Each structure stands twice: as structure tokens, then as C-alpha cells.
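The structure appears below as C-alpha cells.
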Amino acid sequence: MVITRFAPSPTGDPHIGNIRSALFAYLFAKTNSEYGEFLLRIEDTDRARHNEKSVEVIKYALEWLDIYPANLHKPMVQSERLPIYKEVALKLVKEEKAYVCNCSKERLEQVRENQKAKKLPPMYDKHCRNLNLPLEDGCVMRMKIPENRKIELDDLVRGHVEFDSKTIDDQIILKSDGFPTYHLAHVVDDDAMKITHVIRAEEWLSSTPKHILLNEMLGYKTPLYAHLPVILSPAGGKLSKRDGAVGILEYKKMGYLPEALINFMILLGWSPKDESEILIDQDEYALKFNRTAFLPGEFKLEYVNKAPAVFDIKKLNHFNEIFLKNKTVGQLKDLVSDYGNFEVSTSEAELLKRGGFITLVEMADYISKLRQTPEYEPEMLVFKKSTPANTKIGLSAVSTRLSELNSWDETEIQKIFGGVVSENSLSNGDVFWPVRVALSGEEKSPSPIELLLALGKEESNKRIKKALELL
Ligand code: GLU
């Protein structure tokens with residue numbers, strides 16, 4: 001049975017890179033094994049960077065995206081397990097696989113300075129390694145990295161990687177505040193949670209030999225590792241806020257759909273063999289986001305790219321536009337009403353269904369703007385092939401008939417336009433154009449009939465009358 005996990009550190013809002021790790025771990029568990037399980041663990045051992053709100057944001061983001069860990073509401077939390085890590089660390093000391101170190105900050109700084117001067121990589125000089133110091137306040141515990149060892153890793157993404165123990169620091173496993181470091185805690189917890197596959201960002205690859213050694217020292221079954229490629233900006237550099245390295249929930253605020261983000265994130269490092277880009281079945285998504293429906297057994301870690309992934313917001317926009325366009329009028333009505341915090345009508349949602357919107361923000365703004373009395377230059381009311389006189393005839397005939405219309409429906413409205421054109425020997429431009437401008441104040445907009453339906457009788461008549469006054 002496959003068991004994967006997402007193990008965020010609550011030090012701020014999770015960003016795309018963090019959530020991509022969660023998503024890949026989720027997809028791997030859910031699409032490759034019938035009984036696969038995906039779990040959450042909160043790695044809050046860094047007290048200085050701890051952010052209380054962050055845990056809630058992480059859970060909310062996972063829920064919103066439906067990357068649902070089985071233990072979402074009761075995740076493993078490292079700060080609740082301190083005695084366990086301490087016991088493990090003490091056991092390692094007892095077995096001489098770790099040691100107590102009481103080097104002062106000043107001494108360590110001095111060592112680092114000397115190494116820097118000699119252009120050597122910064123490493124602990126193993127001063128306390130064989131001193132058998134007792135554990136006292138202010139001391140730390142360090143791993144005793146074995147000498148002359150080659151540590152081998154068969155990474156599921158990166159392939160075979162070897163590390164020389166000479167290059168590995170005697171890593172601190174328990175800090176002076178009694179908290180474990182990430183290195184010790186996550187190894188202990190991955191074992192406790194029976195994690196089979198550790199799927200995480202590439203930044204952890206260089207620490208993996210320490211983790212392999214810790215597993216060995218503790219007699220655990222070492223999990224398999226998969227290190228996901230880094231995510232770069234379109235220019236090839238580190239992702240900045242401007243490129244989109246913002247908290248994942250910012251995308252919700254910006255009006256992106258969860259399925260568009262999921263689709264986008266899957267492609268940050270993975271691609272289907274047939275190169276198709278739309279990977280999510282929206283009907284399934286709407287019913288229940290069952291990802292096995294769109295990736296039947298296809299999500300293999302071997303297919304994850306080694307090369308860096310490129311974050312291109314244009315792609316996300318493209319997916320969001322498509323997914324919005326695929327929504328039904330009813331879904332758009334609900335989505336935009338929720339999003340904009342005002343009730344959108346079905347005929348307004350019909351205007352949205354025409355497409356051309358990238359985000360829910362654009363949709364909500366469009367409706368808000370539509371509801372405001374438009375401002376325009378009176379000359380705009382006259383179509384370029386028309387005259388003010390004909391425009392007036394057309395507009396006032398439409399105005400009179402619309403005011404008398406009882407059933408505000410498409411067929412009846414259409415009949416009025418047809419009648420006004422033929423009975424007054426006008427062209428379509430003499431009639432449709434001014435009504436459209438009167439209603440929208442724009443040179444380009446949906447047809448007057450769609451606008452009339454969206455705005456309703458009262459508001460439409462008011463706008464047309466105002467236009468007649470302007471003419
Ligand atoms: N807490 C680590 C992080 O947030 C987890 C790394 C791992 O998955 O092992 O990056």
C-alpha cells in the first residue's frame with residue numbers, strides 16, 4: 001500500500017511550490033494504488049518562524065483545492081511529539097550514533113570564519129564528537145556521520161545519486177530549546193506514519209543522505225524518495241512575487257477556479273504522454289473531485305521531469321478562461337454571486353457565459369459595471385452609417401414599444417426590433433446600435449437583446465430614455 005504525505009512548515013502562507021508537492025503526493029497515492037493514502041503532517045519545530053495562522057491557511061487551501069488528506073482535521077503535529085524525538089535522540093547518543101555538543105555560538109562562528117578564509121565549505125569541525133559530554137542545558141545533539149561511506153539514493157525522479165559522507169555535516173538533530181530539527185523529526189514521523197514514498201521539493205535532495213543514514217541508524221525501513229523539479233520564472237530565474245510566487249489563496253482571491261490551478265500545477269513537472277493540456281474532467285469535478293477520473297493510473301513518478309518547471313501565468317489564465325467558459329449558466333450565476341457577494345441574475349450569467357473572461361474578478365466587475373448607469377458621449381449613439389434623425393426615430397420607437405411590453409422575453413423583444421426596422425424603413429444600424437450604446441455605454445458589447453434581458457425592463461427603459469434626452 002502506498003502512503004504519501006504533505007509535511008508543510010507553518011511559517012507563512014503556502015505557495016504554489018508547496019502545494020504542488022502536496023498535489024503530486026496526493027495524485028501518486030490516489031492514482032497508483034487502490035488503497036493509497038495521503039496524509040498531512042504539520043512540521044512546526046522552527047519556533048522562530050512559526051506562524052499560528054499558517055496551519056489554518058494550509059488546511060483551508062487543501063480543502064479548497066480538494067487535495068484532501070485523510071487526516072485533514074487531525075493531522076500529526078510535531079510540536080505535540082517532543083518527548084518522542086528526545087527519546088529517539090537520546091537512544092542514538094547511547095548507541096554512539098549521535099553525540100552531545102556544547103560548542104558556543106562564538107566558537108562555531110570562529111570555525112566558520114576560518115573555513116571561509118580557507119575557502120572551505122562551512123561544516124561543524126566535530127570538536128565534541130568524541131568527548132562523550134553529558135546532556136545539559138544549552139547543549140545540542142548531533143548525528144555522528146559515519147566516515148568513508150558512500151550513500152546511495154535511487155531517487156524516483158532524479159535516478160541514481162551518490163553522496164560521499166565526507167561532504168556531510170554532523171547535523172544537529174536536537175536543538176538547545178529541546179525541539180528536534182526537521183531532519184530528525186521528519187524521519188521519525190515518516191516511520192511512525194508508515195510513509196512509503198517521500199515526495200518533496202528538490203531543495204531537500206542534498207539533505208537526503210542524512211535522512212537515509214538516520215533511517216539506517218534507527219533501524220527503520222527507508223522510504224522511497226522523489227524530488228520534484230524546481231519551479232522557475234519564465235525568464236529562468238527564481239520565482240518572484242511578480243511572477244506569481246504569492247500565497248496559494250491569493251489565486252482564490254484573484255478569481256481562479258480550483259480546477260484551473262490544479263490543472264496548471266500538475267503540468268509543473270509532469271506531462272501526459274499525449275501532450276493534452278486539459279487534464280480535468282469538469283463534470284467529475286463538480287460532482288466530486290475524483291482525480292482518478294482524469295488520470296487513470298497515468299501519474300507515475302518516473303514521468304516527472306528532472307528539468308526545472310516554468311511558471312507561466314499565461315497558461316493559468318488560459319486554463320481558467322477555458323474552465324470558466326465550460327461552466328453552465330447556473331454554475332456561473334452561483335460562482336459569481338458567491339465571489340462578488342451580490343446576487344447575479346440568470347440573464348446576467350448568460351452574458352458571462354459568452355466567454356472572454358479570464359477570472360471571476362473580471363466577471364464580477366463586468367456585472368457591477370453593467371449595473372451602473374453608463375457614461376458616454378452622445379455622438380456615440382449614432383452609428384457611423386446612420387444619421388441623428390434616423391437614430392432618434394429608431395430609438396424612440398423601440399423605447400415606446402418596450403415600455404408597453406408586458407412579457408420581457410427574447411422572442412417578444414426580437415419582434416420589436418424587427419418591427420421598428422421594417423415599419424420605419426430603417427437599417428439595423430439605425431436601431432440596434434443606439435440601443436446597445438444606450439444600455440452599455442460601450443462601442444463593443446453583447447447584443448442589445450442580451451443586454452435588455454440582463455438589465456430588465458425598468459433599468460433598460462430608463463437608460464434608453466436618458467439616451468433619447470441626450471440626442
Ligand atoms: N517541512 C518541510 C518543508 O516544508 C518538508 C519537507 C519534506 O517533505 O520532507 O519543506
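Remember, it's 1-based here, ligands and their atoms both numbered in the order they're listed. Treat the numbers as computed from the prediction; the structure is a model and nothing was measured.
Not counting sequence neighbours, the partners of Val140 by the side-chain contact (heavy atoms from CB on, under 4.5 Å) test are Cys101, Arg142, Ile172, Ser176. Remark: Arg149 pairs with Glu216 by the salt bridge (Lys or Arg N to Asp or Glu O under 4.0 Å) rule, at least two apart or across chains.
Taking the charged nitrogens against the carboxylate oxygens, Arg158 and Glu202 do have a contact shorter than 4.0 Å, which makes a salt bridge.
Under 4.0 Å from any atom of ligand 1, one finds heavy atoms of residues Arg5, Ala7, Pro8, Ser9, Glu43, Tyr182, His186, Arg200, Trp204.
The aromatic rings of Tyr182 and His211 sit perpendicular, their planes meeting at an angle over 60°, well past the 30° parallel limit.
Applying the salt bridge (charged side-chain N to carboxylate O under 4.0 Å, His left out) rule to pairs touching residues 77-87 yields Arg81-Asp189, sequence neighbours excluded.
In terms of modelled atom types and a separation under 3.5 Å, the side chain of Asp170 and the main chain of Ile145 share a donor-acceptor contact.
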